[in-house]
Visitor: 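Just dropping this structure here.
These numbers were taken from a predicted model, which means no experiment stands behind them. Here is the naming used below: chain letters follow the sequence lines, and residue numbers restart at 1 for every chain.
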There are 2 protein chains.
Amino acid sequence: MEERSPVPAPHPARDVTEHVGYRLKRVSAALRNAMDKALREHDLTVPQYSCLELLDERPGLSNADLARGTFVTRQSANVVLRGLKEAGLITRPLTTDHGRALPTHLTPAGERRLRAARGAVYAIEERMIRSIPEGRLPALLADLDTMTDALDE
Amino acid sequence: MEERSPVPAPHPARDVTEHVGYRLKRVSAALRNAMDKALREHDLTVPQYSCLELLDERPGLSNADLARGTFVTRQSANVVLRGLKEAGLITRPLTTDHGRALPTHLTPAGERRLRAARGAVYAIEERMIRSIPEGRLPALLADLDTMTDALDE
DNA sequence: TCTTCCATGTCAATATTTTGACATAGCCGC
DNA sequence: GCGGCTATGTCAAAATATTGACATGGAAGA
């Protein structure tokens with residue numbers, strides 16, 4: 001390989017995109033990596049932690065709800081829930097009196113685990129947030145949302 | 001919904017969906033989805049396309065280089081390269097006179113495929129870019145990079 | 001009512017990615 | 001030169017995720 005630049009030296013003159021996609025991917029990968037490392041010490045994967053966080057905030061979410069909330073398929077979420085149940089961190093009824101959606105809830109152990117892990121994850125967010133210039137966070141969040149909307153249409 | 005504080009307090013968000021991590025994940029998922037759909041028509045996966053783009057820009061990259069450039073492990077990149085080779089889109093020597101790194105190159109078919117697919121991908125980036133307010137793109141890109149740096153340290 | 005449609009949960013098969021491990025090639029300080 | 005160090009390619013196994021399919025429960029409308 002030629003130098004220490006890990007890869008991307010810019011193309012000649014590409015204006016259309018400053019490659020937002022590439023940078024999004026990069027920061028996502030860095031975030032994922034940091035969270036993976038931090039959560040490993042709490043015996044949680046990123047999807048597992050995401051589910052716990054969502055369930056803490058909105059108890060009773062269904063598998064399909066959690067799939068949407070964590071941006072994976074229903075099937076993947078199902079596997080995650082099975083793992084969480086196996087670990088005794090959530091409860092899930094086998095039937096329900098109305099509908100098919102099975103409401104999921106955190107167990108006390110699940111709440112404890114979440115609280116233990118949350119600090120590590122929040123510290124990572126804190127690092128990100130503090131790194132960007134004062135007052136620019138609102139615009140950044142707004143732009144991320146705007147791009148999401150533009151892509152979903 | 002709660003007002004947005006102009007000051008980036010440590011943890012102003014009550015809701016995980018307010019977190020920057022969540023929004024990054026969301027926009028990444030949306031982008032990934034859009035690219036998947038667009039590339040499917042060209043018989044390419046996102047990692048495959050990413051490799052082709054990198055190889056077009058910097059011919060002769062090694063498997064490890066491409067792994068870093070696409071933010072996956074060497075092993076994953078190896079699988080992708082095998083697929084691309086199978087499809088006749090790249091060439092890779094079996095040995096080299098110096099070192100272990102095997103320089104990869106696009107075949108003419110690979111270049112054609114890349115050119116065919118590139119338009120669809122650029123259109124997606126264009127949608128993202130056009131959606132954000134005039135003049136805010138540079139700051140957005142800078143903030144993404146800044147966060148990446150903050151996470152990598 | 002009933003019939004069509006959509007959402008959910010889940011099974012199975014497949015694909016993708018990572019973790020762990022190992023041998024080899026080159027570099028650098030000694 | 002030599003020994004440690006890092007980087008690379010690759011194998012194998014496991015974890016993770018997706019695609020495809022199907023049955024069921026409920027809602028909406030003719």
Visitor: Looking at B:His19 versus A:Tyr122, is the centre-to-centre ring distance below 6.0 Å?
Guide: yes
Visitor: Both B:Val80 and A:Arg100 contact DNA chain C. Taking the nearest nucleotide for each, which residue is further toward the 5' end?
Guide: A:Arg100
Visitor: In whole angstrom, what separates A:Glu86's CD from D:dA15's P?
Guide: 13 Å
Visitor: Measuring from the side chain of B:Pro47 (C-beta onward, heavy atoms only), which nucleotide among D:dT16, D:dT8, C:dT17 has the closest atom?
Guide: C:dT17
Visitor: Whole angstroms only, please: what is the NZ-P distance between A:Lys37 and C:dT19?
Guide: 9 Å
Visitor: Within a reach of under 6.0 Å around CZ of B:Arg130, are more than 12 heavy atoms found that belong to other residues, nucleotides or ligands?
Guide: no
Visitor: Round to a whole Å and report the spacing from CG of B:Leu61 to C1' of D:dA7.
Guide: 15 Å
Visitor: Would you mind reporting whether A:Met128 and B:Leu24 have side-chain heavy atoms less than 4.5 Å apart?
Guide: yes
Visitor: Can you establish whether the number of heavy atoms outside A:Arg92 located under 6.0 Å from its atom CZ is more than 12?
Guide: yes
Visitor: Under 4.0 Å: is that the gap between some side-chain N or O of A:His98 and OP1 or OP2 of C:dA7?
Guide: no
Visitor: Flag the pair A:Thr91 / A:Lys85 as yes when at least one side-chain heavy-atom distance between them is below 4.5 Å, and no otherwise.
Guide: no
Visitor: Can B:Arg118 and B:Asp56 be counted as an ion pair, charged N to O under 4.0 angstrom?
Guide: yes
Visitor: So does B:Arg26 pair up with A:Asp145, basic N to acidic O under 4.0 Å?
Guide: yes
Visitor: Evaluate the side-chain proximity of A:Ile90 to A:His105: yes if any heavy-atom separation is below 4.5 Å, no if none is.
Guide: no
Visitor: Would you indicate, yes or no, if D:dA15 has its OP1 or OP2 atom less than 4.0 angstrom from a side-chain nitrogen or oxygen of A:Arg40?
Guide: no
Visitor: Rounded to the nearest Å, what distance is computed from the CZ atom of residue A:Arg82 to the P atom of nucleotide D:dA15?
Guide: 15 Å
Visitor: Near DNA chain C, under 4.0 Å by heavy atom, which residues of residues 70-78 of chain B?
Guide: B:Val72, B:Thr73, B:Arg74, B:Gln75, B:Ser76
Visitor: Roughly how many Å is it from CG in A:Asp97 to C1' in D:dT24, rounded to a whole number?
Guide: 16 Å
Visitor: By nearest heavy atom, map A:Arg32 and B:Leu94 onto DNA chain D; which one lands nearer the 5' end?
Guide: B:Leu94
Visitor: Nearest whole angstrom, please: distance from the C1' of C:dT10 to the NZ of A:Lys85.
Guide: 14 Å
Visitor: Give me the bend of the helix from C:dT1-D:dA30 to C:dC30-D:dG1, using the axes of the five pairs at each end, rounded to 10°.
Guide: 40°
Visitor: Output the rounded distance in Å from CG (A:Leu44) to C1' (D:dA15).
Guide: 16 Å
Visitor: Please test B:Asp149 against B:Thr146 for side-chain hydrogen bond (donor to acceptor under 3.5 Å, both in side chains), starting from the C-alpha separation and ending with a verdict.
Guide: CA-CA 5 Å; B:Asp149 293 341; B:Thr146 302; 5.7 Å; no
Visitor: Round to the nearest Å and state the distance from A:Asn63 atom CG to D:dT24 atom P.
Guide: 19 Å
